[in-house]
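Quick caveat, the model's predicted, so the values are computed rather than measured. First the proteins, then the strands, lettered A, B, ... as listed; each starts at 1.
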Protein chains: 2
Amino acid sequence: MSVKVAVNGFGTIGKRVAEAVLKQDDMTLVGVTKTKPDYLAMIASRMGSLYVPEDRVEKFQKAGIEVQGTLKDLLEKVDLVVDATPGGVGKEYKPLYEKFGVKAIFQGGEKHEVAGFSFSTLCNYEEAEGKQFARVVSCNTTGLLRLICALRNHFKVKSVRATIIRRGADPAETKKGPINAIVPNPVTLPSHHGVDVRTVLPDLDVQTVAAVVPTTIMHSHVLNVRFEEPVTREDVLKVLEEAPRILVIPSELSGVKDTAKIIELARDVGRKRYDLYELAIYEESVSVEGDELFLMQAVHQESIVTPENVDAIRALTGLVSKEESLKKTDSTLGIVRSFSELIERAASNYGK
Amino acid sequence: MSVKVAVNGFGTIGKRVAEAVLKQDDMTLVGVTKTKPDYLAMIASRMGSLYVPEDRVEKFQKAGIEVQGTLKDLLEKVDLVVDATPGGVGKEYKPLYEKFGVKAIFQGGEKHEVAGFSFSTLCNYEEAEGKQFARVVSCNTTGLLRLICALRNHFKVKSVRATIIRRGADPAETKKGPINAIVPNPVTLPSHHGVDVRTVLPDLDVQTVAAVVPTTIMHSHVLNVRFEEPVTREDVLKVLEEAPRILVIPSELSGVKDTAKIIELARDVGRKRYDLYELAIYEESVSVEGDELFLMQAVHQESIVTPENVDAIRALTGLVSKEESLKKTDSTLGIVRSFSELIERAASNYGK
């Protein structure tokens, strides 16, 4: 069985999820949509995969970009749509998805209520089965949840306090800022990230504060986790090293000591668009004092939700178990479990 | 016949040139060198290609990174070395290259006098034959020369005036600036770029002024070219569109209107490390008034000299003609001649 998938919105998330879907053997990409004729629309058109809203057909024709049909034509053909429209726009499309009787996966830019169910693979994959709608939580929340659920598998987590240092804009967003300020985001505490974590883990004591800084490449988190009992640094590191989709980086040994160098490493590995699906944790930052853990981690905001979107497709359609989906997604996307595995990939990709 | 090549220095330029050499069928990469044990050294070691200066062997052993031999061991085995050491360091190595009787290609960070011959494929490929040393001019000079030599093939160029808007640092150079200033570079005019252009085209009337700005992804040039006779915009555009290694970008149609979006396009095409070997010219900026041409162009500082280094290996060793080298280099590196060809590449790479 192969799930027929549409991706509504071919921007930062949509172009990555569509590409990931193409790599799976149990799903088929039927088409993607664009509202604006630009070079991404040209690429989708060249692939024979471009659908546009009815009222945009003429605009694309004028730009000389051939379309394969309308959004409604596309929804007729699929079982499931990944909504990768801009934040807040997904809810406008929900009635259409309902009308066409398709399952839909929304992104973290939508409110929890739009789907009524927020998804993060490592935390609640099994709860998705049979549902029509799911919402893959945002990049920052995905990063927080990967860490928290990995820790909860082995320790009793009492509370989580996190400072989110957000990137100001994505790399190509030349009209967004800040370019020279640190912006409390928002200035009324807490930030929404902790609230968003609780859409997946309702009982967790979690509080977050966020600030936006002038960078485009990654978010960073400063974590303070309190456990019910004392833990050792060794035990925590072991859990993080064995957890899926978490990459522990030995900074001193490798020279990979900041977000710019993490991205440079992803470039050198040969990851398309330098995507880093893994949550990156600086090994040296992992510190334990009694029942308290401190660490710093970095999130590639553009790509970290890609594997979770692929899993969500399987989870909603009941294709396979969590373990099997994790395995399929991670092997097709080239996700690694360790720094040395990443170095091996870089060496074997070199010159190819 | 296959030229045996070493790359001395495995940084921004070295890692790209070594990778490009691996893709050629008429040259062999014997090894690369590193002075610092870091993740790039780990990658080279994993490839079985890592050589280090004699006084660094112990340092690498301590870091647990296996080396294949010393720089001298490497020089014993090769016909030619591409010196990609930091600017100004290449001249220190020249006596060693002479001692081992190997040909050497230096980079634009060295003075012209170190090699005595400065190289740019489209301008003076044939003059390299039989020489022991060549210097591939810097990224900015390569960008200027590609444009100028393409124009000189069809028009009589009287003078060139250019403003170079330089990136402040490469993406991973987190210790360099500026992060919030526009820095005249230098404040005493002219900048060295015009002088550098004349190391290849000694008779050209060219003057340049440069300023450094807070960005890491590309340089930009504002060009004012004066011809002996009036030209038409149409003729100039035709020349640029037909010239090798120049990519004319239709900004209005594609939405690719700034350096960030050029790089985003390179990411979407699937270029490793988002390398853009082509000189990018904004089509809409190309303006002609009588005998004067104005335009804006962008240079990917990390990668633009890669193809010229590969050509320089062939030029120094007399392997093939300029036309044949251009063809081999460009097809192996996936260099395109037009925007629509780039879109085709993006579509055919999608999901691969």
Side-chain angles (χ1 to χ4, degrees), chain A residues 15 18-23 29 36-49 63-65 170-174 179-180 214 216-217 249-250 253-261 263-265 267-275 339-340 342-344 346-352, chain B residues 15 18-23 29 36-49 63-65 170-174 179-180 214 216-217 249-250 253-261 263-265 267-275 339-340 342-344 346-352:
Chain A
K15 68 189 179 188
E19 195 149 26
V21 166
L22 279 172
K23 293 180 176 169
L29 180 71
K36 212 173 61 184
D38 63 4
Y39 81 88
L40 282 171
M42 295 176 196
I43 295 171
S45 172
R46 201 80 188 63
M47 288 157 50
S49 306
I65 300 175
D170 282 341
E173 293 180 317
T174 39
I179 60 165
N180 193 27
T216 64
I217 51 177
I249 298 179
L253 187 67
S254 66
V256 182
K257 295 179 183 188
D258 52 55
T259 56
K261 292 184 185 75
I263 294 299
E264 187 73 2
L265 170 62
R267 296 173 78 196
D268 287 328
V269 171
R271 289 279 180 90
K272 184 163 181 177
R273 302 186 182 93
Y274 62 72
D275 283 353
F339 189 79
S340 62
L342 200 63
I343 294 297
E344 271 174 48
S348 65
N349 288 343
Y350 196 83
K352 302 282 157 60
Chain B
K15 67 189 177 187
E19 195 149 26
V21 166
L22 279 172
K23 293 180 177 171
L29 180 71
K36 213 172 60 182
D38 63 4
Y39 80 88
L40 282 170
M42 294 176 197
I43 295 172
S45 172
R46 202 80 189 61
M47 288 156 50
S49 306
I65 300 175
D170 282 341
E173 292 180 317
T174 38
I179 59 165
N180 193 27
T216 64
I217 52 178
I249 296 179
L253 187 67
S254 66
V256 182
K257 296 180 181 184
D258 53 54
T259 56
K261 292 183 186 75
I263 293 301
E264 187 73 2
L265 170 62
R267 297 173 78 196
D268 287 328
V269 171
R271 287 282 180 86
K272 185 164 180 176
R273 302 186 181 94
Y274 63 73
D275 283 353
F339 190 78
S340 61
L342 200 62
I343 295 297
E344 270 173 50
S348 65
N349 288 343
Y350 196 84
K352 301 282 157 58

*Asks:* Enter the distance from N180(A):CG to I179(B):CD1 here, rounded to the nearest 0.5 Å.
*Replies:*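 If we round to the nearest 0.5 Å, N180(A):CG and I179(B):CD1 are 7.0 Å apart.
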*Asks:* Does K261(B) have any salt bridge (charged side-chain N to carboxylate O under 4.0 Å, His left out) partners at least two apart in sequence or in another chain, and if so, which?
*Replies:* D258(B)
*Asks:* Could you give the distance from OG1 (T174(B)) to NZ (K257(A)), rounded to the nearest 0.5 Å?
*Replies:* 9.5 Å
*Asks:* Which residue out of A347(A), G255(A), P214(A) racks up the most heavy-atom pairs below 4.5 Å with chain B?
*Replies:*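 Going by pairs under 4.5 Å, I would pick A347(A).
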*Asks:* Determine the minimum heavy-atom distance between D268(A) and R273(B), stating which atoms define it.
*Replies:* OD1-NE, 2.5 Å
*Asks:* Return the CD1 to CD1 distance between I343(B) and I65(A), rounded to the nearest 0.5 Å.
*Replies:* 8.5 Å
*Asks:* So what's closer than 4.5 Å to chain B heavy atoms on I217(A): side chain, backbone, both or neither?
*Replies:*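 For I217(A), neither part sits under 4.5 Å from chain B.
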*Asks:* Measure from the side-chain N and O atoms of E19(B) to the backbone N and O of Y350(A), and report whether any donor-acceptor pair falls under 3.5 Å.
*Replies:* no
*Asks:* Looking at every heavy atom in both A260(B) and A172(A), which two are closest together, and how far apart are they?
*Replies:*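 What the structure gives for the nearest pair is CB-CA, 4.0 Å.
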*Asks:* Write down the atom of M42(A), the atom of S254(B), and the distance for their closest heavy-atom approach.
*Replies:* CE-CA, 3.8 Å
*Asks:* Give me the atom names and distance for the closest heavy-atom approach of G351(A) to L22(B).
*Replies:*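 Shortest heavy-atom separation between G351(A) and L22(B) comes out as CA-CD1, 4.0 Å.
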*Asks:* With a 4.5 angstrom heavy-atom cut-off, which part of L40(B) approaches chain A: side chain, backbone, both or neither?
*Replies:*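 The side chain, not the backbone.
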*Asks:* Under a 4.5 Å heavy-atom cut-off, does chain B meet the side chain of K36(A), its backbone, both or neither?
*Replies:* neither
*Asks:* Kindly give the heavy-atom pair with the smallest separation between R267(A) and P171(B), and that separation in Å.
*Replies:*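 Distance-wise, the nearest heavy atoms are NH1-CG, 3.5 Å.
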*Asks:* Report which part of A41(A) has an atom under 4.5 Å of a heavy atom belonging to chain B: side chain, backbone, both, or neither.
*Replies:*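 When you check distances to chain B, no heavy atom of A41(A) falls under 4.5 Å.
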*Asks:* For V256(A) and Y39(B), work out which heavy atoms get closest and say how close.
*Replies:*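 Closest approach of V256(A) to Y39(B), heavy atoms only: CG2-CD2, 3.5 Å.
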*Asks:* Measure the CD-CD distance between E264(B) and E173(A) for me, rounded to the nearest 0.5 Å.
*Replies:*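 One gets 9.0 Å once the value is rounded to the nearest 0.5 Å.
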*Asks:* With a 4.5 angstrom heavy-atom cut-off, could you sort out which part of A44(B) is near chain A: side chain, backbone, both or neither?
*Replies:*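 Neither part.
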*Asks:* Heavy-atom pairs under 4.5 Å with chain A are the metric here; pick the option from L265(B), D170(B), N349(B), L342(B) that has the most.
*Replies:* L265(B)
*Asks:* Out of P37(B), A18(B), A63(B), return the one with the most heavy atom pairs under 4.5 angstrom to chain A.
*Replies:* A18(B)
